[in-house]
Amino acid sequence: MTNRNDWHGRPYYSLDAYLKNTYGEKLYKIAIDAGFTCPNRDGTLGDSGCIFCSAGGSGEYAVKASSHATVSEQLNAGIALFGHKRVGQRFIAYFQAYTNTYGAVPHLRTLYEEALCEPAVAGISIATRPDCISDDVVTMLVNIMGKFSDKFVWIELGLQTIHEKTADFIRRGYPLPVYDKCVALLNRHNIPVVTHIILGLPGENKEHMLSTIDHINGCGTWGVKLQLLHVLRGTGLAALYERGDYSPLSQEAYRDLVIDCLEHLNPNIVVHRLTGDGPRSLLLAPCWSLDKRNVLNTLHRSMKLRAAYQGRLYTERS
Ligand code: SF4
């Protein structure tokens, strides 16, 4: 059970707070594009991807595989991008673009081990889909966790919503029980799970989003990313937006939803993100999201004014 004194002055248990408590410093993420694709794009489940996903498979911040062929080269190029900015000595290698467990297990192992062998890497975080985590992948992960016992391995799962109607509409491509089963499997092997949830999906209201929070509260996820739905150029969502069939959230509406979600969130769950991450070059809307500092400052101010904090309205299920 976390203590609010461990939250470093924030009204929620942020990833920064967790890292400082655990490693004594903030660790920066280096996004990797390891050359994967996704079953939702290569024709296995579909060829258009989730309606919000850009052609880069949500990996626009990664150092491109084409310009830096190996994981090590990408990591070193990513570290160099920090330049003279004051950062700690260690980093998280974030396998971000597309579905990062969608490949032959020996190949996956080679990529992950290459990252873990880098002295500056404290651990890896692997973004994927729950229908792409087989028993063999888990066995391999357990194995490398044993081999690199001073480093960590996290799995990030794109759930987005628990509602099947929305999941069909956004073309997620798997039903909720697949996520639940995957989290249970990863929990059994002590592999921490970070769940991605999107706020503002078409057809969803506050009650839909709070029931998604309620579900993850009890399912065994260790962390959560709450993300704003962005309209990115070239996506299915962009077509809806341009036809006038989708209106993005206002900053005020998003702020209020985030506060509601945090107040209902289990206070032990680590909050990895509270904003979106839409690349400027592709973002059609909402443009207010580009000023992340303002979004977070406004959120923190509002939470202070309302005396709101993570878990204030959370009730443990018996
Ligand atoms: S599962 Fe991920 S990478 Fe694949 S289409 Fe959806 S958002 Fe994009």
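Every number for a ligand or one of its atoms is a count from 1 in the order of the listing. Being a predicted model, the structure only gives us computed values, none of them experimental.
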- Query: Within 45° of the axis and under 6.0 Å from the centre of the six-membered ring of Tyr23, does NZ or CZ of Arg90 qualify?
  - Reply: no

- Under the 6.0 Å and 45° cation-pi test, does Lys165 pair with Phe169? no

- Message: Under 2.8 Å from atom 4 (Fe) of ligand 1, can any N, O or S atom of Cys50 be found?
- Response: no

Only distances under 3.5 Å count here; give the side-chain donor-acceptor pairs of residues 138-147 to other protein atoms, sequence neighbours excluded, each with its distance to 0.1 Å.
| residue | atom | partner | partner atom | Å |
| --- | --- | --- | --- | --- |
| Thr139 | OG1 | Asp135 | O | 2.9 |
| Asn143 | OD1 | Arg109 | NH1 | 3.3 |
| Asn143 | OD1 | Arg109 | NH2 | 3.0 |
| Lys147 | NZ | Glu113 | OE1 | 3.0 |
| Lys147 | NZ | Glu113 | OE2 | 3.4 |

- Task: Would you please name every residue forming a side chain to side chain contact (heavy atoms under 4.5 Å, CB included) with Asp260, sequence neighbours left out?
- Result: Lys206, Leu210

- Message: Give the atom numbers and elements of ligand 1 that come within less than 4.0 Å of a heavy atom of Phe52.
- Response: 7 (S)

- What do we get for Arg129 next to ligand 1 when only non-hydrogen atoms under 4.0 Å count, side chain, backbone, both or neither? side chain

- Item | Numbered atoms of ligand 1 (with element) below 4.0 Å of Gly49, judged on heavy atoms | 5 (S)

